[in-house]
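One structure is given below, encoded as structure tokens.
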Amino acid sequence: MAVKPERLTLRCYGVGFGDCFLLTFHYTGSTGDRHVLIDFGSTQRPPNAKAGLMKMIAKDIASVVGTQLHVLVATHRHADHINGFATNPSGTGTGDIIAKLNPALVVQPWTEKPDAPADFIGTGRSMKGADAALRLTLTRMTAVAAAVARQARHLPAAARSEIQFIAEDGVANLSAVKNLARMGQKTKAAYVRYGSKISAFKTLLPGVKVSVLGPPTIRQKSDVLDQNPVNPTEYWHFANFWALRAAPNNLAPNIDLFPRARSLRALDQMPAEARWFVRRLRAVRADQLLGLVRSMDGALNNTSVILLFEAGGKKLVFPGDAQWENWELALKKNAALLKNVDVYKVGHHGSLNATPKTLWNAFSKRSEQVGTSGRLVTVMSTRTDSMHGHPENKSEVPRQTLVDELKRKSLHRSTQELEPDGDLVLELQFDL
Amino acid sequence: MTRHPSPRRPKVSQPALAPTASPIPKPTRTLTILAQDPTLVVDNRMLTAAVTIPNEQLSAGPRGYRVQVVDYDASSNRWFAPPDASSFGTIEEPRDPYAQTAPRRQNDWLLDDPGFHAQNVYAITMRTLAHFERALGRRVSWSFGGHQIKVAPHAFAEANAFYSPPDEAMLFGYFDDGKGRRIFNCLSHDIVAHETTHALLDGLRPRYMEPSSPDQAAFHEGFSDVVALLSVFSVHEVVEYAVSRVTGRRAARTVDVARLTISGLRDSVLLGLGEQFGEGLSGVRGAALRRSVKLKPSRLLRHRREYFEEHTRGELLVAAMLQAFLSAYQNRLKTLGLTADGRLPAERVAEEGADIADRLLTMAIRALDYTPPTDITFDDFISALLTSDLEIHPDDARYRLRAHVARGFEAFGFLPASSFGGELGRWEPPPDGLNYSFVHRETLQRDRDEIFRFIWDNRAALKLCDEAYTEVGSVRPCLRVDLDGFTLRETVADYVQILTLRADEIEALPIPNTTKRIRRPPGLDDWQMVRILGGGALVFDEFGHLKYHVRNAVLNPDRQSARLAHLAESGFFDRGQPAARGFSALHMRGSGPSLRAFTREKRPWR
């Protein structure tokens, strides 16, 4: 008789602007409970958060899991998904608590493999070369992210806070990255791409089918775009672009181009005829930096692992922060699989880009009828009034248009519900 | 405007100050610039040139009657104080603060002094502007209301440079190339000329920024590259350098005729220079220019998918003009007298190159008045080139530029949009029997309302769309003076027609004299508003009679259907107008990755 789970508890932790989901598959008999932790990070605490929130969450996870965490997934390297895995020298960090749970399998995207190229090799005419170029680019981006956050200081205030918020999300969290690598080394690490089959799932989560729907490699991406095949050298141009921006002298914010020439830094000391234009230039720079950090943000989001769990006839999809470019392949090739999804974790904390309309329209279990059995459930981990984006240019996260649609056509749950009382976790139960 | 600056560089170095100053303001002055950019080095010194520009009493900046340089760096938040205005002398005795009385370490001196960078951009901008005004025979305004365009030579730490209409400015970035060299875009002659051309073209034809067709999107880039390249070639020092690469020896006095074939010229002269262009931009913009130079003529390229993208399509325009330049150059050299040993004097070879570049550039600029104000295609531009040149050079037996231009474009599969009366590329004249009885010839030269009266009186004959909103852009009298002394008086004006319809009304719009209709593109909601654009350029002769009406009709089903289809396909109706800082995005894309991988979702959220 095949072993399969009977129920699922989905714990959505109120980390604020970030993700932290603990899935517990309940089995009868000796199999017991099997736990899957997907992400643990935050870049902005929820309003009314108690002090030491992340510690409390880590301890709660530990108390639920006990001694053995079965699967740990870090969908991508953004801080708001992994900074909870950071450790500290005294071993009391939130990441230390998680490490003690000894995850038997650590799943990350293929872009996170520890053997990232440090520099260019060859011209990268092959698809594999393009993969290497992309990984190099991602490394460079994190360097740029750190510098950009520092550069924004003299820019208009409104732009500054948004730029810094997004940039800081991309800054490398070395401690968390190291911890994840270590945990994977101790037991088993899987660096997955679209279509990866991980045999460990069969023993760790019996009766649960796990499909990896993203991120695709460059060759896989190329297969989707049959009309405009990917040119691998474009990825080297791309890497070049970011290499330039990551060059040390380009990142230094206080550089003095002409030390021997006289210069001024305070606006009111500059000649009157120049002031209007100086203000405009600052706004232009802010625009550029915003464009830069947004494209970095998007690139990193598109390295997200997209997992689809099938258990007892129910399908749950957890796509991290995947956007259209990441979803494209799965939408083309796995339309049938995605059709009758029961639970959708809303991508990127409710941003519009991370729930492609095509994906949303594909979900057949959407329904406007409240109380319909089998109605699609959408789950969102986010924070009200986040610093990501602005309602003014319709880029706020979570995006109101999307949220209205989610509420209209699905049973929508969000960690925002925890905000008024500062509760720790939103618990959902499913029969499988 | 009384005098025109001579296009040739005066062969005297900076004159010493006379003991008794002359009281007459000089019409022009010279200022030192880098001939191409810091990488063009001869005998360990960066190659400089003294260019001639209109004279004026400059303020510190430099700040003049059309250009204001503001040296603020938004990355490091630093404003650099410019040299005092007195360093430029007076209008009676203008001074060149960076003239070639160079100290031993000239390179560093120029590179380390922001005052020189400011002078470099100012002079190249003014030189380009002056060339436009000379070619068009009238003043050319910026597209924004103000008179002085702002220029930031060190705007930000970015491998980018662009013209920004909302900021009324040209912004040049700087960056470290990762090999220890700091690259200043403001020191690249071709980049400064390129951006200035964007600004000038935007002033002349503001509607060319509206999305319309692959040719239109490519035109701004292609045309700006053409002006940039020909501007650089028209600097004597540059061509001298390029020719020295043909001879292989700097001091060589003669050149072997056999090496001056088209491909010989291309490979040595042009490619040699192409190596320098934008070299510092990590091979990105420079790559585009080099690619244009290397493009072997082929009629198939224009139909290939990769040549629909605006940057690559622009390269075709550049390649065609370069082809024309090379064949005109080669032809001209054939007519030169050989030296005793059957070779050509190197000095003459260089001079002819600079001269042909200058003439071709003038021709290209003049053509703008003969282009339709909306929806330009390359075919339109060819007709504009040929017609405008025909008007001022009825007999061009000496250089035969028209024949070379036509052949250059034909080599890439582009043919003129019309060829009236057996004259290749000539625009059709307007219909007979136009009504002039309600307008005055003198007023017609300068008053927008008078022009509107004229086109309204003749709306049937000119086949305007009655239902559209019509507005006259500008009207200017011109006096075009050719290098060889031929003068031509004209008045140029332009108007635009805008018809705004709901998507479900498009196919019901009746088109006179045909059953064809404008096709509604797929994917639009019935209620979505769509703008259909048309317009015309009007060229009047010196008697106030309409010579040419270069138009794109609102009621042209084929063109309008193609335009709407192109807009729909590029997602225009989904995301609305591109950002005002469109040029920034354009350049950012060109200098970054154009990844197919980053495709858009076809029907995204609105």
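Chain letters run A, B, ... following the sequence lines, proteins first, then strands; residues in each count from 1.
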So, taking the atom named [atom1] in [X] and the one named [atom2] in [Y], what distance separates them when rounded to the nearest 0.5 Å?
X      : Y      : atom1 : atom2 : answer
A/Q288 : B/E158 : CD    : CD    : 5.0 Å
A/R279 : B/D167 : CZ    : CG    : 13.5 Å
B/D113 : A/R260 : CG    : CZ    : 9.0 Å
B/L171 : A/R280 : CG    : CZ    : 10.5 Å

Considering only heavy atoms, which portion of [X] lies under 4.5 Å from any heavy atom of chain B: side chain, backbone, both, or neither?
X      : value
A/Q323 : neither
A/L155 : side chain
A/W327 : neither

Checklist entry - So A/L257 and B/R78, side chain to side chain contact (heavy atoms under 4.5 Å, CB included) or not? Walk me through it. => result CA-CA 9 Å; A/L257 283 179; B/R78 235 175 249 281; over 6 Å; no
Next on the checklist: The test is side chain to side chain contact (heavy atoms under 4.5 Å, CB included); show your working for B/K150 and A/L281 and say whether it passes.
Outcome noted: CA-CA 11 Å; B/K150 264 72 66 190; A/L281 270 179; over 6 Å; no
Checklist entry - Can you tell which of B/G115, B/G61, B/A60, B/A74 has the highest number of heavy-atom pairs within less than 4.5 Å of chain A? => result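 Between B/G115, B/G61, B/A60, B/A74, the count favours B/A74.
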Checklist entry - Looking at B/A155, B/A81, B/P82, which one has more heavy-atom pairs under 4.5 Å with chain A than the rest? => result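 Looking at each option in turn, the highest pair count goes to B/A81.
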Next on the checklist: Ignoring hydrogens, what is the shortest heavy-atom contact between A/F277 and B/V70? Give both atom names and the distance.
Outcome noted: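 Taking A/F277 first and B/V70 second, the nearest heavy atoms are CD2-CB, 3.5 Å.
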Item to check | Exercise: identify the closest heavy-atom pair between B/S76 and A/R265 | outcome: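 Smallest interatomic distance, heavy atoms only, reads O-NH2, 2.5 Å.
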Next on the checklist: Just so I understand: if I count every heavy-atom pair under 4.5 Å between each of A/A261, A/P216, A/P271, A/A266 and chain B, which residue has the most?
Outcome noted: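 Between A/A261, A/P216, A/P271, A/A266, the count favours A/P271.
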Checklist entry - Do B/Y72 and A/R282 pass the side chain to side chain contact (heavy atoms under 4.5 Å, CB included) test, and can you show the C-alpha distance, the side-chain angles, and the key distance before you say yes or no? => result CA-CA 9 Å; B/Y72 175 72; A/R282 286 178 174 170; 2.8 Å; yes
Checklist entry - Would B/F80 and A/D256 count as a side chain to side chain contact (heavy atoms under 4.5 Å, CB included) if you check the C-alpha gap in whole Å, the side-chain angles of each, and the deciding distance to 0.1 Å? => result CA-CA 10 Å; B/F80 294 97; A/D256 189 347; 3.7 Å; yes
Next on the checklist: Show, in sequence, the C-alpha distance, side-chain angles and deciding distance for B/F184 and A/F258, and conclude whether the ring pair (Phe, Tyr, Trp, His ring centres under 6.0 Å) test is met.
Outcome noted: CA-CA 12 Å; B/F184 293 104; A/F258 307 105; 5.7 Å; yes
